[in-house]
Amino acid sequence: MLRVQHWTVQAFVADRFRRGRILLAGDAAHTVPPAGGLGMNAGLSDVHNLCWKLAGVVHGWAGPGLLDTYEPERQPVAHRTLRQAVTNTHLMFQAQSRRREQLQNGEAASDRIELPWSDGYFAQLGLVLGVTYRSAAVLTGGADAPEPPDAGTEYVPTPEPGHRMPHLWLTPDHSTIDAVGEWFTLLTPDPDPWKRCVSPPWPLRVEPLPAEHLDACELSPHGALLIRPDGHIAARWPDGPPADSALRNALATLTGTGSDGRPYA
């Protein structure tokens, strides 16, 4: 052994994720214990949340206020991630302690000792894929919208605004994941009326939604889901556009612009 270095596990979340032109992401915003490998997922999701908002402000189809939605969306996720990582750390230490007891007592290792802690240690899909956002960049239906629950470890797909758009096949080789990109995506079984409801400057693509997915998306044959560039559902109209201006007004509200698409000062 040539060298020994000591390392202290850190666990914190920054009080603020934004101050003026300074935005914190990844390890600068939250330092997460490595148990469970959650820190990298959280950091990448920070950037995924932030990059489309920065692009909108830089390219002029979003107002600066859109950046104010970054902290309220990502800071709660950082706190939940930190809590789970600390729980994982305790599970790991408990397993190590039990194994030391086995070695000291001459016992053989048992699978039944490993599985209970490792099942919880690695079951994190709910935390990674089940994230729910509540901010001005999500239209949740008003004050009656329920508060998002703690995602826990199990991922349950849902078409509710604020959640990640569930994976669905739109064609045999094209899914909802493929439909999302550097633009807003409108998924609807009835594209033509919706295409007439909006014009630039917002980047928007309208994708046909197969009728077989209406129940999963909780839509009527004329309804629609509006998906943000980061794959989270921004708005849902179960029964179709309530007015010709519905989609335009929604995009203006979500991006912090006027109905003419110009950013607010």
Side-chain angles (χ1 to χ4, degrees), residues 25 40-62 66-67 69-70 73-74 77 125-140 148 151 155-191 194-195 197-219 223-238 241 246-248 250-257 261:
M40 179 66 77
N41 288 332
L44 290 173
S45 296
D46 289 344
V47 176
H48 198 205
N49 181 284
L50 185 57
C51 64
W52 73 271
K53 298 174 180 179
L54 284 170
V57 174
V58 170
H59 292 295
W61 51 261
L66 180 60
L67 298 177
T69 66
Y70 171 61
E73 290 189 351
R74 290 304 303 169
V77 179
L125 277 182
L127 184 62
V128 176
L129 298 180
V131 167
T132 308
Y133 292 148
R134 290 287 184 266
S135 75
V138 177
L139 303 184
T140 57
Y155 171 54
V156 180
T158 172
E160 289 292 327
H163 291 261
R164 183 185 298 271
M165 178 64 200
H167 177 270
L168 299 170
W169 288 106
L170 304 177
T171 68
D173 58 357
H174 184 71
S175 77
T176 50
I177 294 177
D178 303 311
V180 176
E182 298 175 18
W183 50 81
F184 287 91
T185 303
L186 191 85
L187 293 174
T188 175
D190 189 17
W194 289 96
K195 288 180 179 178
C197 290
V198 72
S199 59
W202 301 283
L204 175 71
R205 295 185 182 182
V206 179
E207 294 261 358
L209 180 71
E212 64 195 73
H213 298 319
L214 290 182
D215 288 343
C217 294
E218 300 179 12
L219 297 177
L225 289 171
L226 180 62
I227 318 301
R228 304 186 332 182
D230 62 357
H232 282 256
I233 301 171
R236 180 176 61 180
W237 295 273
L247 182 55
R248 167 174 284 277
L251 288 167
T253 300
L254 294 167
T255 58
T257 58

> Would a 4.5 Å heavy-atom cut-off, applied to side chains only, mark Leu50 and Arg74 as touching?
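Not in contact.
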> What's the spacing between Ile233 CD1 and Leu139 CG if we round to 0.5 Å?
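These two atoms lie 12.0 Å from each other.
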> Please determine whether side chain to side chain contact (heavy atoms under 4.5 Å, CB included) holds for the pair Leu54 and Leu66, giving the CA-CA distance in whole Å, both sets of side-chain angles, and the decisive distance to 0.1 Å.
CA-CA 8 Å; Leu54 284 170; Leu66 180 60; over 6 Å; no
> Trp237 and Leu226: which non-hydrogen atoms are nearest, and at how many Å?
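Looking at all heavy atoms of both residues, the shortest contact is CZ3-CB, 3.9 Å.
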> Measuring from Glu73:CD to Thr132:OG1, what's the distance to the nearest 0.5 Å?
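If we round to the nearest 0.5 Å, Glu73:CD and Thr132:OG1 are 10.5 Å apart.
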> Just checking, any donor-acceptor pair under 3.5 angstrom between side chains of Thr171 and Asp173?
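Looking only at side-chain atoms, Asp173 and Thr171 do form a donor-acceptor pair, the distance falling under 3.5 Å.
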> Applying side chain to side chain contact (heavy atoms under 4.5 Å, CB included), run through His59 and Glu182 and close with a yes or a no.
CA-CA 12 Å; His59 292 295; Glu182 298 175 18; over 6 Å; no
> Looking at Glu218, I'd like to know if its CD atom is crowded, meaning that more than 12 non-hydrogen atoms belonging to other residues, nucleotides or ligands lie closer than 6.0 Å.
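Counting neighbours around CD of Glu218, more than 12 heavy atoms of other residues, nucleotides or ligands fall under 6.0 Å, so yes.
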> My understanding is that only residues two or more places apart in sequence, or in another chain, count here; which of them pass ring-ring contact (aromatic ring centres under 6.0 Å, His included) with His232?
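Applying ring-ring contact (aromatic ring centres under 6.0 Å, His included) to His232 gives Tyr133.
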> With a 3.5 Å distance limit and no angle check, can you tell me whether Trp52 reaches the backbone of Asn49 through a side-chain donor-acceptor pair?
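Yes: the side chain of Trp52 pairs with the backbone of Asn49.
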> How far apart are the closest heavy atoms of Thr176 and Pro166, and which atoms are they?
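Result for this residue pair: OG1-O, 2.9 Å.
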> Work out which heavy atom in Arg134 is nearest to a heavy atom in Pro161; give both atom names and the distance.
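Heavy-atom minimum between the residues: NH1-O, 3.2 Å.
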> Sequence neighbours excluded, which residues qualify as ring-ring contact (aromatic ring centres under 6.0 Å, His included) partners of His167?
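Counting only residues at least two positions away or on another chain, His167 forms a ring-ring contact (aromatic ring centres under 6.0 Å, His included) with Trp169.
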> If every non-hydrogen atom of Arg228 is compared with every non-hydrogen atom of Val180, which pair is closest and at what distance?
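In this case the closest contact between Arg228 and Val180 is O-CG1, 3.7 Å.
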> Assess the residue pair Met165 and Cys217 against the criterion (side chain to side chain contact (heavy atoms under 4.5 Å, CB included)); give the C-alpha distance rounded to whole Å, side-chain angles, the decisive distance to 0.1 Å, and a yes or no.
CA-CA 9 Å; Met165 178 64 200; Cys217 294; 4.0 Å; yes
> Atom CG in Leu254, atom OG1 in Thr69: separation rounded to 0.5 Å?
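If I round to the nearest 0.5 Å, the distance is 9.5 Å.
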> Hey, which of Val206, Leu204, Thr188, Leu247 is the one that makes side chain to side chain contact (heavy atoms under 4.5 Å, CB included) with Lys195?
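So, applying the side chain to side chain contact (heavy atoms under 4.5 Å, CB included) to Lys195 and each of Val206, Leu204, Thr188, Leu247, only Val206 qualifies.
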> Can you sort out the partners of Pro238 under side chain to side chain contact (heavy atoms under 4.5 Å, CB included), two or more places apart, ordered by chain and number?
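By the side chain to side chain contact (heavy atoms under 4.5 Å, CB included) rule, Pro238 matches Arg236.
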> How about Leu127 and Asn41: do any of their side-chain heavy atoms sit closer than 4.5 Å?
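A side-chain contact under 4.5 Å is absent here.
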> Taking the side chain as C-beta and beyond, is there a heavy-atom pair between Phe184 and Pro229 under 4.5 Å?
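Yes, their side chains come closer than 4.5 Å.
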> May I ask you to check whether Glu207 and Thr185 show a side-chain donor-acceptor distance below 3.5 Å?
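There is no such pair between these side chains.
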> Measuring only between side-chain heavy atoms, which start at C-beta, is Leu214 closer than 4.5 Å to Pro189?
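They are in contact (side-chain heavy atoms under 4.5 Å apart), so the answer is yes.
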> For residues Leu187 and Leu170, determine if any side-chain heavy atom of one lies less than 4.5 Å from a side-chain heavy atom of the other.
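In short, these two side chains touch, coming nearer than 4.5 Å.
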> With side chain to side chain contact (heavy atoms under 4.5 Å, CB included) as the criterion, how do Tyr155 and Val128 come out once you've worked through the C-alpha distance, each side chain's angles and the decisive distance to 0.1 Å?
CA-CA 8 Å; Tyr155 171 54; Val128 176; over 6 Å; no
> I need the Ser45 OG to Asp230 CG distance, nearest 0.5 Å.
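Separation between the atoms: 9.5 Å.
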> Which heavy-atom pair separates Pro159 from Leu225 by the least distance, and what is that distance?
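In this case the closest contact between Pro159 and Leu225 is O-CD2, 3.9 Å.
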> What pair of heavy atoms forms the shortest contact from Thr257 to Leu251, and how long is it?
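Result for this residue pair: OG1-O, 4.4 Å.
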